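Since the model is a prediction, treat every value here as computed from it, not as a measurement. One-based numbering, in listed order, for ligands and for the atoms of each.
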Amino acid sequence: MKVSGKIALVTGAAQGLGKAFAAALLENGAKVLICDVNSETGEATLKTFQEKYGENNVMFVRADVTSQAQMEAVFHQVRERFGGLDIMSNNAGIVGEASDVWEKTVDVNLKGVIRGTNLALDLMRQDKGGRGGVIINTASIAGVMPVRGFEVYTATKHGIVGFTRSWAENPLCLDNGVRMNALCPSMADTTLVPRDAADFVKYYENHGLMSPEYVAEGFMDLIQDDSKNGAVLKMMQKVGKVYMEY
Ligand SMILES: NC(=O)c1ccc[n+]([C@@H]2O[C@H](COP(=O)([O-])OP(=O)(O)OC[C@H]3O[C@@H](n4cnc5c(N)ncnc54)[C@H](O)[C@@H]3O)[C@@H](O)[C@H]2O)c1
């Protein structure tokens, strides 16, 4: 897909990988709605983007991906203000394994991606008046391998990979011009990465931390390469980009 002139929506885009994805899309001439639950950081990112890419090419909407009503309002805004949707990035995610937070991890990471995908499909489907499009779901390397100590996180990310690959084979997508891919980065330099857990410190000392901008290159490949549907792209600092073979 040629990104210039397209309309995109990125969740969890106030900071980290989502912010880098939004910047890459804006850099390539898309209009972008950035959505995040954190309004303070979201507004600050909006201001930076507006100064660099033009006031009318980006907007911020505060919303929680766990809320159906709030997400419906986000999709309403992208349709009303930008005129449709071509690129969806279901990216918001958290880490939380403890007994009082694990369900929230499932709600944000897995149910949030399912919700965003359903709403995006509704807008993109050609049989419902859409233009087709591409949906990129941010999974993780934890979507394709076990990660000790992060069992719930790993379960959500495996779920995203299976969900994305299954939709990609569904005629409802294939016949309506919608592609769907999963992005599986290893550790990237964002606040999500625990800086204190011994296993993690050892891992990134050995394997390195990717910059969000580098991860955004893989994200853009999955959008721009029309041959990629149901693709699962692993990204690792020392190995680079590797498409999973199933
Ligand atoms: N950083 C890594 O090493 C890494 C590796 C693989 C996958 N990922 C995945 O990348 C995605 C982005 O993570 P990141 O590293 O940029 O983390 P981050 O914490 O820097 O950014 C995540 C963003 O999501 C937002 N968010 C959290 N819960 C939300 C909700 N309920 N609704 C809307 N927005 C919400 C946060 O406010 C934040 O702005 C996540 O899905 C994460 O699992 C990250």
Side-chain angles (χ1 to χ4, degrees), residues 9-24 33-46 48-49 60-75 88-97 101 103-117 119 136-145 147 150 152-161 163-164 181-195 197 199-201 203-204 207-216 218-219 222 232-237 241:
L9 197 169
V10 184
T11 68
Q15 63 178 39
L17 298 186
K19 182 179 178 184
F21 298 166
L33 186 155
I34 57 174
C35 155
D36 203 287
V37 74
N38 182 339
S39 43
E40 201 182 323
T41 315
E43 292 291 355
T45 297
L46 174 69
T48 312
F49 282 164
F60 169 68
V61 181
R62 192 239 165 241
D64 186 329
V65 297
T66 68
S67 161
Q68 180 70 19
Q70 289 179 27
M71 290 310 290
E72 280 176 10
V74 171
F75 281 81
M88 177 70 202
S89 163
N90 288 301
N91 168 75
I94 59 171
V95 171
E97 300 288 321
V101 290
E103 290 186 76
K104 187 172 178 196
T105 302
V106 177
D107 287 344
V108 175
N109 293 12
L110 185 56
K111 290 162 79 176
V113 167
I114 294 171
R115 175 172 294 106
T117 299
L119 290 166
I136 309 298
N137 292 330
T138 306
S140 163
I141 202 78
V144 292
M145 61 173 272
V147 183
F150 292 82
V152 176
Y153 182 79
T154 302
T156 64
K157 297 302 186 177
H158 271 69
I160 292 171
V161 170
F163 174 76
T164 305
N181 296 313
L183 182 62
C184 294
S186 177
M187 266 189 246
D189 192 5
T190 73
T191 57
L192 189 95
V193 173
R195 296 304 202 264
D199 278 357
F200 276 78
V201 174
Y203 183 91
Y204 57 75
H207 299 280
L209 274 181
M210 294 180 288
S211 72
E213 292 71 27
Y214 175 64
V215 180
F219 170 80
L222 290 172
V232 178
L233 177 58
K234 287 198 293 184
M235 294 187 73
M236 290 153 286
Q237 176 77 26
K241 301 175 201 163

Can S186 and Y204 be counted as having a side-chain donor-acceptor contact under 3.5 angstrom?
no

Is there a donor-acceptor pair under 3.5 Å between the side chain of K157 and the backbone N or O of T138?
yes

Report the distance from atom OG1 of T41 to atom CD of E43, rounding to the nearest 0.5 Å.
10.0 Å

Does the side chain of T11 pick up a donor-acceptor pair with the side chain of N90 at under 3.5 Å?
no

When rounded to the nearest 0.5 angstrom, what distance separates CD in E103 from NZ in K111?
8.5 Å

Enumerate the protein residues lying less than 4.0 Å from ligand 1, judged by heavy-atom distances, in chain and residue-number order.
G12, A14, Q15, G16, L17, D36, V37, N38, A63, D64, V65, N91, A92, G93, I94, V108, T138, A139, S140, Y153, K157, P185, S186, M187, A188, T190, T191, L192, V193

Sequence neighbours left out, cut at 3.5 Å: what donor-acceptor pairs do the side chains of residues 65-73 make with other protein atoms?
unit_1, atom_1, unit_2, atom_2, d
T66, OG1, D64, OD1, 2.8
T66, OG1, D64, OD2, 3.4
S67, OG, Q70, N, 2.9
Q68, OE1, R115, NE, 2.9
Q68, NE2, E72, OE2, 2.9
Q70, OE1, R62, NH1, 3.3
Q70, OE1, D64, N, 2.8

